[in-house]
There are 2 protein chains.
Amino acid sequence: MDILERGSECGPCREMEFYRLTEMPSPFSFRLIAADGAARAGEMTTAHGIVHTPAFMPVGTQATVKGVHHDDVRASGAEILLGNTYHLMLRPSAERIAALGGLHAFMRWPHPILTDSGGFQVMSLAPLRKITEQGVTFRSHIDGAMVELTPERAVDVQILLGSDIAMQLDECVKLPAERSEIERAMKLSLRWAERCKRAFERAPSDRALFGIVQGGDDRKMRDESARELVAIGFPGYAIGGLAVGETQSVMLEIVAATAAALPPERPRYLMGVGTPADLLEAIGRGVDMFDCVLPTRNGRHGLAFTRFGPINIKNAHHADDPRSLDAESRCPAARDFSRAYLHHLFRSGEALGGTLLSVINLFYYQDLLAGARAAIAAGRFADYWAETMEQWKVKRDFRGDND
Amino acid sequence: MDILERGSECGPCREMEFYRLTEMPSPFSFRLIAADGAARAGEMTTAHGIVHTPAFMPVGTQATVKGVHHDDVRASGAEILLGNTYHLMLRPSAERIAALGGLHAFMRWPHPILTDSGGFQVMSLAPLRKITEQGVTFRSHIDGAMVELTPERAVDVQILLGSDIAMQLDECVKLPAERSEIERAMKLSLRWAERCKRAFERAPSDRALFGIVQGGDDRKMRDESARELVAIGFPGYAIGGLAVGETQSVMLEIVAATAAALPPERPRYLMGVGTPADLLEAIGRGVDMFDCVLPTRNGRHGLAFTRFGPINIKNAHHADDPRSLDAESRCPAARDFSRAYLHHLFRSGEALGGTLLSVINLFYYQDLLAGARAAIAAGRFADYWAETMEQWKVKRDFRGDND
């Protein structure tokens, strides 16, 4: 794999190459530090650094977290980023990124990176997709070319990108769905899991491949999927196919059942979830990792997550408000700029508004999870959860703010 | 003026209030440090800090430099920002900004600010404008309301904003234009200069109002305008009505003649100019201050200014180029990110691309002028100018880059 030998300028990448050249054992590992009920605090070690769990991964779809400089993503406390295989394989292409030293070097993010398999976004973004036993064929939304994504190709692409954590290719069905359809996709995902694991044997030993539990909103099928995946054996497991149309209570029931069916010594990743409330609920049910576009997407649309609940900064009553969003925030933008100024930026269509709110939200998510980790370690997660939700209600005392 | 007594949280604003309360003499001053031929290096002192000249002022149209965080604007070396009266008076309004502590506090830029009078943008942006002796009436491009901007109102707005340097209202005509039309606008601008100066007597004593020389491309009229303005008496003079359709050589001839007609002990500000080459040409003719949207506007469109000339990062041949734009730049973005990555951001429509190139260009402009200041102080401005232009040609050796 000569692309893996190319020198990168970033320290951790050089370090990773050192591991490879000296045939050191895989540095990927996970250890539990504390448990509090079902909630867990842990530490995941990758070639590019340590990730403290529960962890929130900002989404860097096209090798950038939309509108936010990497320095701010890092300053928010993010220890790991998510990259989207679907986007990156189409543009600028996995081969190009590999030739430029891999995704870490390409985007200058020397910290851990997880990539999805591309499957979910093929289903949601690509026109003319067709799923067979072999894989999924789709038309690129960029240039119209027909592209095939097999389990083997999904793994190859992620090896080329240099992801610390790669995901198996799976098929995710929208809910509600027929039981037969859920079962078909779940079983196909299991067969693809095996093929992905085999394909991943070619990956450098410091990388990890996670399996993905499917099974829709059916607990029995979730159990079967989890059991079979564990039999195949992965260093970590994701819960996929949720937040795709079901109610929050159904989602949380499935999360609880699936987490309980997974081995405690492996990290558990709930894909594509969610709101701050979702995160606390899922942590309370034993989830260790999350990714979601909400903090940046909502930020770009004027919604700020704060300790006092969400605030829609575009509402007219902020126009004269000299207060910051949160004078005690760790985030400079939440502390320094007035609501009036942030409101003005949105009203004027200035990009800085979306950038500042995205940064504010990334800080909020990281602080929420740092608080959860500390609470779990102190055996008071339930209290932390209740206090956090209580404080979100403060917003209602703001001048008419019911965003 | 009770709005001026409102406390602001920023140190320099508090300081400014202290000056006011203790009736200290005006802190606005300008002193020449060095001259080298017609080129000058100087120091302008304002209530919010010192500005070294020749100075480049980034344009913060709507209380933000488009797409760039203030911290990056400051890090680039900018000592003074320009704010646009036209935009700010329409949204969020001068009264609102005053109530929020003035423009420095509103946007959290505790350093010097110059505002234009709004006149130029009324001419270029507002529909249905009508100019009379009294002032200019126009329809707001935001809500369609009819708005009147008189010399007195232009000054009032700038007092409300809290600008360290305010500009007189003037009328700028597009070139080419009839001699009679140029003369009419020049003479009207002189009468408005007098009215502005009178209106500005109400301003706190630590602020400055600059007069603006008009007269189109007619040297005689420029001389008359300069002579009459100097007779009225201002702490600084701008050269307006250029870069509005004339050739560069005509512009530079008028700049040289007008600068020579202005008192050497006052700062000279060439409005709305220009490219890096324009700046060096104008500095060589005795100009001290500049503002222009080029570094940020071009940055958003993919054009980077570098020591080796302009580079259009969207060109296909950058897609695989691992080199940074300038490995020795003081700007982290110019040093750290590869051309391939910057190219990818533009190709993918990611906002971070425009932000990074805007920052790179702001650093470039500031470094260009810092180099000019040092060269003037060392008596080698002509060499610096020649060397800089020589280096711009390096770009031609890049792989086919003829952007």
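Throughout, a chain's letter reflects where its sequence line sits, starting with A, and its residues are numbered from 1.
- Legend: residues meeting salt bridge (charged side-chain N to carboxylate O under 4.0 Å, His left out) with B:R297, ordered by chain and number and at least two apart, are absent.
- No donor-acceptor pair under 3.5 Å is formed between the side chain of B:H344 and the backbone N or O of A:M107.
- Contacts of A:V65 with chain B are absent, with no heavy-atom separation under 4.5 Å from either backbone or side chain.
- A heavy-atom distance below 4.5 Å is not found between the side chains of B:L100 and A:Y341.
- For A:L356, the part lying under 4.5 angstrom from a heavy atom of chain B is the side chain only.
- Heavy-atom distances place both the backbone and the side chain of A:Q62 under 4.5 Å from chain B.
- For the pair B:L352 and A:H69, the minimum side-chain heavy-atom distance is below 4.5 Å.
- At least one donor-acceptor pair under 3.5 Å links the side chain of B:R108 to the backbone N or O of A:D336.
- The residue among B:A333, B:A340, B:G353, B:A351 with the most heavy atom pairs within less than 4.5 Å of chain A is B:A340.
- Inter-residue side-chain proximity for B:S348 and A:R91 is flagged as met; some heavy-atom pair is nearer than 4.5 Å.
- Of the atoms belonging to A:L345, it is side-chain heavy atoms, and not backbone ones, that fall under 4.5 Å from chain B.
- Within a 6.0 Å sphere centred on CZ of B:F120, heavy atoms belonging to other residues, nucleotides or ligands number 12 at most.
- Side-chain contact between A:D320 and B:R96: present, with at least one pair of heavy atoms (C-beta onward) separated by less than 4.5 Å.
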